[in-house]
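Below you'll find the structure, written out as structure tokens, and then a few comments.
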Amino acid sequence: MTQAASHSGGCQCGAVRFRVTGVLADSSICHCRMCQKAFGAYYAPLISTRGAQLEWTRGATKTFRSSNFATRGFCGDCGTPLTYEAPDGVAIAAGAFDDPAAVPPTVQFGTEGKLAFVDHLHTLPGHRTEEDAEAAPFVLEIVSYQHPDHDTAAWPPETRR
Ligand SMILES: [Zn+2]
Ligand SMILES: [Zn+2]
């Protein structure tokens, strides 16, 4: 996998934004219990920035030291998990990238913590959001306050504060 160029991203509210320039060659998911907890998820998708250049273009993460070796960074305003920082480098939460499809995962870690049903998620019935409209009509009138998937000139947006 070779993506030179630059990859931008940030948290859900947009208070923290980053850009990674260079080749992102190490995209993974981690099933370990610490990653499950840190992401509030069944596993954590992470893309290592090792060998590339990471810069924070807006705001800064708050951090939690989750072990003697690792620190987890997140947005203090909206809570989005953003980093896993260890002695061998910083990895960014894959879903926080503006284009998560650009760097698909190639390996799984922490498989001792893997939840058994994870292997069967793709077999569950699936529904698009608009299909929920009958039971929950508000879904048709949702106005997103999520930061768009690109860098923006000003923050916070005038429309909200
Ligand atoms: Zn945020
Ligand atoms: Zn982990």
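Counting convention: from 1, in listed order, for ligands and their atoms alike. We use all heavy atoms of the structure for the numbers below, so side chains are in, but hydrogens, waters and symmetry mates are not. Positions are given from 1, in the same order as the sequence printed here. If you're wondering where the values come from, they're calculated on a predicted model, not measured in any experiment.
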Where do Ser144 and Gln146 land on the side-chain hydrogen bond (donor to acceptor under 3.5 Å, both in side chains) test, with the steps shown first? CA-CA 5 Å; Ser144 172; Gln146 177 164 293; 5.3 Å; no
Looking at the Zn ion (ligand 2), is one of the N, O or S atoms of Cys30 less than 2.8 Å from it?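 Here the distance criterion (N, O or S atom, under 2.8 Å) is met by Cys30, so yes.
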Taking the Zn ion (ligand 1) as the vertex, measure the angle between atom SG in Cys78 and atom SG in Cys11; round to 10°.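 My answer is 110°, to the nearest 10°.
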For a 4.5 angstrom cut-off between non-hydrogen side-chain atoms, does Val20 reach Gln53? no
Check whether any N, O or S atom of Cys13 sits under 2.8 Å from the Zn ion (ligand 1).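 Yes, within the cut-off.
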Is it true that Asp98 and Arg17 have a side-chain N and a carboxylate O under 4.0 angstrom from each other? yes
In a check of side chain to side chain donor-acceptor pair (under 3.5 Å) between His31 and each of Lys114, Gln108, Gln36, which one passes?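 When Lys114, Gln108, Gln36 are each tested with His31, the side chain to side chain donor-acceptor pair (under 3.5 Å) holds only for Gln108.
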